[in-house]
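Presented below is the structure to which this report refers.
Both backbone and side-chain heavy atoms feed into the values below; hydrogens, waters and symmetry mates do not. Throughout, a chain's letter reflects where its sequence line sits, starting with A, and its residues are numbered from 1.
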Number of protein chains: 2
Amino acid sequence: MTAVAPSTKKAVTLFHALSDETRLALLERLKDGEQCVCELTDAMKAAQSRLSFHLKVLKDAGLVEDRREGRWMYYSLSSQAIEELEDLVDSLKKAAKSAGSARRCC
Amino acid sequence: MTAVAPSTKKAVTLFHALSDETRLALLERLKDGEQCVCELTDAMKAAQSRLSFHLKVLKDAGLVEDRREGRWMYYSLSSQAIEELEDLVDSLKKAAKSAGSARRCC
DNA sequence: ACCTCCTATCAATGAATATTGATCTATAAG
DNA sequence: CTTATAGATCAATATTCATTGATAGGAGGT
């Protein structure tokens, strides 16, 4: 019954940020807690500019936060966007449960 | 502490399917119940081949199911993939809550 | 001031994706 | 059997995204 998702753009951004193997791997690592970029590049054997790019995508989507400490940048999960995600998935789930009533068409 | 998500590929596919405005709009419509392609093309004023393409992406990701009835194809939400989504988001949420413990680095 | 280390950004290339219009298949109706 | 309709698929193009290597900035250390 929902008219048109009010913030479709936001949802697209969120899901897009999650739709990449490298970025999911980053989030997976951040589940263990805050980490600095050097640690991530090291652990993932990835080029620095590559991770920097992906971390920016995650940050722009609101999925991670960054914090500077000296010359290091620390990244960590941000629960904010994750809750929005939860809501999106929830509304889908509810709708999926109330099975589709076949309607005459065309 | 999770090693490496076992089915990262699956997650990427799921999130990618959701990372498009047209596809989110389709899902939004399907929340109201099963609908045939002609109804969707009509309502969304989109080219038929375009929707067919996006519906395929959604179907390949397991987010929708199709059913043929005469010459019409009916699409509906599939709760299967949606539950996988829920799990993915859940594990992120839990990790985000146990705030990141800053660790010495580099 | 200089040099070094950590990270972000930029420019160029290459790879995936989306869009369009045309064609093909299947089902139904006459 | 012919025609019409619903939808999928294909080929070509346009667009968007990721990767790489180079450069630039900012913070410490000497």
Query raised in the report: Taking NZ, NE, NH1 and NH2 as the nitrogens, is one of them in A:R67 or A:E34 under 4.0 Å from a carboxylate oxygen of the other?
Result: yes
Quick one: is B:Y75 getting a side-chain N or O under 4.0 Å of the D:dA6 phosphate, OP1 or OP2?
no
Residues at least two apart in sequence or cross-chain that pass salt bridge (Lys or Arg N to Asp or Glu O under 4.0 Å) with A:E65, listed by chain then number, are none
Taken to the nearest whole Å, OH/B:Y74 to P/C:dT27 is 15 Å
query = So do the side chains of B:E28 and B:R23 get within less than 4.5 Å of each other, counting heavy atoms only?
reply = no
**Asked** Is there side-chain contact between A:Y75 and A:L30, with heavy atoms separated by less than 4.5 Å?
**Response** yes
Picking from C:dT7, C:dC5, D:dG7, the nucleotide nearest the side-chain atoms of A:W72 would be C:dT7
Taken to the nearest whole Å, CG/A:L24 to P/D:dA18 is 12 Å
Nearest-nucleotide check on DNA chain D, A:G70 vs B:D66; residue mapping nearer the 5' end is B:D66
In whole angstroms, the gap separating C1' of C:dA16 from NZ of B:K9 amounts to 15 Å
Of D:dA8, D:dG29, C:dA8, the nucleotide closest to the side chain of A:R71 is D:dG29
Note to self: Are A:V64 and A:L27 packed together at the side-chain level, in the sense that at least one heavy-atom pair is separated by less than 4.5 angstrom?
What the structure shows: yes
Contact string for nucleotides 19-24 of chain D, one letter per nucleotide 5' to 3', B = base within protein heavy-atom range under 4.0 Å, S = sugar-phosphate only, - = neither, reads BBBB--
When rounded to whole Å, the CE to P distance for the pair B:M73 and C:dT25 reads 17 Å
note: B:L51, atom CG; C:dT19, atom C1'; distance rounded to Å ~ 12 Å
To the nearest angstrom, the CG-P distance between B:L18 and C:dT17 comes to 15 Å
Query raised in the report: In terms of side-chain geometry, is the basic nitrogen of A:E86 or B:K93 positioned less than 4.0 Å from the acidic oxygen of its partner?
Result: yes
From CG of B:L40 across to P of D:dG7 the rounded distance in Å is 9 Å
Whole-Å distance, A:K59 NZ to C:dT9 P, equals 8 Å
Testing D:dG7, C:dA8, C:dA18 for proximity to the side chain of B:R23, the answer is C:dA18
Nearest heavy-atom contact between B:E21 and A:V12 is N-CG2, 3.7 Å
